[in-house]
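Naming: A, B, ... by sequence-line order, numbering from 1 per chain.
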Number of protein chains: 2
Amino acid sequence: MLRIGIFGGGQLAQMLTQAALGLGLETAIFERSPDSPAGRLTQHEFVGPWDDAAALRRFAQCCDLVTLENEFVDAQILAQLEHMGMPVFPTAATVGVVQDKCTQKQRIAAAGLAVPPFRAVATPAEVLAAGTAFGWPLVLKARRNGYDGYGNATLRSPDELDAAWQRLAARGSPLLVEAWVPFVRELALMVVRGRDGALAAYPLVETVQREHICHIVRTPATLPPAAAEAATTLACSAIEAIEGVGVFGIELFELADGRILFNELAPRPHNSGHYTIEGCVTSQFENHLRAILGWPLGATDLRAPAVVMVNLLGQRNGPVAPDALRAALAIPGAHLHLYGKRESRLGRKMGHVTALGQGLAEAEEVALRAAALVEV
Amino acid sequence: MLRIGIFGGGQLAQMLTQAALGLGLETAIFERSPDSPAGRLTQHEFVGPWDDAAALRRFAQCCDLVTLENEFVDAQILAQLEHMGMPVFPTAATVGVVQDKCTQKQRIAAAGLAVPPFRAVATPAEVLAAGTAFGWPLVLKARRNGYDGYGNATLRSPDELDAAWQRLAARGSPLLVEAWVPFVRELALMVVRGRDGALAAYPLVETVQREHICHIVRTPATLPPAAAEAATTLACSAIEAIEGVGVFGIELFELADGRILFNELAPRPHNSGHYTIEGCVTSQFENHLRAILGWPLGATDLRAPAVVMVNLLGQRNGPVAPDALRAALAIPGAHLHLYGKRESRLGRKMGHVTALGQGLAEAEEVALRAAALVEV
């Protein structure tokens with residue numbers, strides 16, 4: 001049996017493990033803390049900092065191929081594995097470009113794809129200069145290690161710069177600024193690319209954020225076919241531009257005039273693709289594994305006219321009750337997923353619920369009704 | 001988190017584990033040998049004979065609730081756990097009745113359900129007497145521990161008795177005989193029953209055996225509605241008769257005149273229900289967990305007009321190639337499942353493939369085409 005090593009042991013690694021089982025694959029998990037949702041599912045659990053050379057070597061000896069569930073693994077660590085002869089997908093080169101939001105956007109822009117104005121900034125003065133160039137508001141971002149709004153600040157005017165600079169610079173990553181985009185909707189899609197360059201795109205979805213965290217994903221996004229095709233082409237081109245292998249989540253902005261702009265991408269399974277577990281013929285997790293193994297990609301077709309996913313976000317701080325799902329399970333057609341996190345925190349992603357239907361409104365009603373009954 | 005203890009670590013326990021993850025449950029596995037498909041998926045793996053009192057106590061201390069993936073666990077062991085205060089579902093009483101095929105049939109017959117003539121036999125002379133009473137052929141069976149045709153013999157005439165008696169009596173279980181049933185088709189269905197007595201039936205399926213091993217499962221079975229309803233009612237009544245809690249597989253005979261007879265049942269997820277993973281709103285594995293936890297049962301509706309499952313049976317003896325699935329993954333719409341068994345053996349259940357379609361012929365063509373490409 002092939003053993004797939006995964007950097008990270010959270011819910012994405014857990015759902016990768018679920019998909020791996022059916023393909024006859026084993027997993028090994030390297031996570032910074034013990035008892036992670038995916039670490040619990042293997043007897044090959046490695047615990048410690050990812051830059052621990054001895055642990056890294058043991059991990060490598062245990063695996064046939066390495067992948068990741070988040071983009072926070074330093075690409076240099078992936079490069080070390082590649083130097084040892086280990087296949088790593090996505091590659092160290094891809095992750096290196098993507099894990100810095102500035103080099104990521106540079107690569108996408110260089111491929112001729114539509115990206116909002118952005119630039120790296122080393123000082124507050126450079127932010128002010130960007131404001132003059134791009135206009136206000138501006139979005140100030142950590143180039144590395146940001147997620148779910150951590151590491152982002154929207155500056156409505158120069159007055160808000162100092163506080164935001166203090167907060168973000170303290171995270172230890174260099175920063176970039178982007179023009180604020182007056183989008184009408186946020187869209188996303190998953191693209192999977194094989195080791196042979198074969199590409200398959202999932203349907204375009206609409207994502208609804210709540211306080212910078214994904215709240216609802218509606219599939220398919222209701223767009224004119226030409227616009228949906230343009231968005232899909234843009235996303236596929238972006239993955240080709242970074243020579244991606246595996247599954248990638250691409251986030252897009254839709255403007256009032258119908259134009260689509262690239263926002264950012266993640267080199268891994270993505271929250272906006274969780275609906276694919278029940279909603280598509282092949283889930284994003286299974287397709288990620290097929291892609292990185294060099295196996296044929298699976299069909300990405302929808303299995304129902306409409307699919308809606310709602311995140312289950314922590315409503316309080318404290319341990320999760322063992323029967324947190326119980327009441328929600330009574331809603332017919334709601335597919336419930338808990339991630340096995342022992343502690344809830346306000347706003348933490350604790351699980352999700354997916355519902356299929358003949359139309360978006362029907363599916364969303366079921367998903368929201370079930371989500372409201374989950375106690376996390 | 002609740003931890004569900006499972007007796008047995010094979011593919012049924014593996015697929016139960018897959019379902020358990022999404023419900024926020026952990027598993028502990030008690031199997032007779034190490035490195036079982038489900039034992040590998042937990043750090044709570046107990047290895048040894050199930051009647052090892054010390055191991056049983058450690059297993060119990062580790063679990064919140066105990067279930068099983070096969071009916072070969074002696075009901076007295078389950079009763080010991082119940083005496084320790086552990087919830088066990090299905091209960092020791094249910095498993096005790098079911099794991100002996102003679103007491104199982106007695107209970108079903110006593111409930112007024114249609115069962116072929118049968119009787120316990122202690123000597124070859126009693127088999128001959130049964131032949132006189134029921135006519136020939138006769139089916140001679142081990143009362144306990146039979147599966148996939150191991151433990152069964154069809155006797156076309158008294159001449160075949162001696163060899164069959166030698167072979168079956170050597171297995172150490174008492175025997176029973178049944179009248180041979182001139183069935184036109186074998187049918188099956190899964191029924192799930194909650195701790196509160198709530199019942200839900202899955203669709204009636206047609207099963208095609210090859211050398212006593214399940215080969216193809218076609219859903220739904222093409223039966224007149226009244227006959228399908230009668231079969232479903234019979235199956236539900238059978239589970240009520242044994243006071244079953246959890247999911248049960250019920251095998252039935254369809255006669256030329258349309259009558260339906262009870263054949264036998266299994267107190268656990270069943271091969272004839274694997275199609276429910278992709279084919280139904282709630283899989284048999286998820287519904288088993290919901291039922292034994294006392295949680296609401298999930299919808300059992302089909303997700304497509306037709307679903308066909310084909311077993312992947314070992315074609316040779318030897319280790320499984322890591323890319324055994326690769327060629328089959330190129331068939332669009334084929335859902336492939338390998339069970340993670342390291343060694344193949346001729347006829348061993350190594351995995352299965354499921355395909356959905358608008359009609360049975362279409363789905364079966366896809367499933368068979370994919371199955372033919374798997375190298376196990």
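- No other option in B/I331, B/L25, B/L325 has as many heavy-atom pairs under 4.5 Å with chain A as B/L325.
- If you measure heavy-atom distances from B/L297 to chain A, the contacts under 4.5 Å come from the backbone alone.
- Taking a 6.0 Å sphere around CD of B/Q315, one finds it holds more than 12 heavy atoms contributed by other residues, nucleotides or ligands.
- For B/H44, no part lies under 4.5 angstrom from a heavy atom of chain A.
- With respect to chain A, the highest number of heavy-atom pairs below 4.5 Å among B/P322, B/A299, B/A328 belongs to B/P322.
- Heavy-atom distances place no part of A/H352 under 4.5 Å from chain B, backbone and side chain included.
- Proximity of B/L23 to A/L329: side-chain heavy atoms (C-beta onward) are separated by under 4.5 Å at one or more points.
- A/R40 touches chain B through backbone and side chain together, each having a heavy atom under 4.5 Å away.
- Atom CD of B/E375 is surrounded by 12 or fewer heavy atoms from other residues, nucleotides or ligands within 6.0 Å.
- Residue with the most contacts toward chain B among A/H337, A/M350, A/R342: A/R342 (heavy-atom pairs, distance under 4.5 Å).
- A/R345 CZ: 12 or fewer foreign heavy atoms inside a 6.0 Å radius.
- The contact between A/R326 and chain B is made by backbone and side chain atoms together, counting heavy-atom distances below 4.5 Å.
- In this structure, CE on A/M15 lies 10.5 Å from CG on B/L21, to the nearest 0.5 angstrom.
- Contact of A/E26 with chain B is made through the side chain alone, with heavy-atom distances under 4.5 Å.
- Distance alone, capped at 3.5 Å, is enough to place a donor-acceptor pair between the A/Q43 side chain and the B/T42 backbone.
- Using a 4.5 Å cut-off between heavy atoms, A/D64 does not touch chain B at all.
- When the candidates A/Q18, A/R303, A/M1 are compared by the number of heavy-atom contacts under 4.5 Å with chain B, A/R303 comes out ahead.
- In this structure, A/T17 OG1 and B/L41 CG are separated by 8.5 Å, a value rounded to the nearest 0.5 Å.
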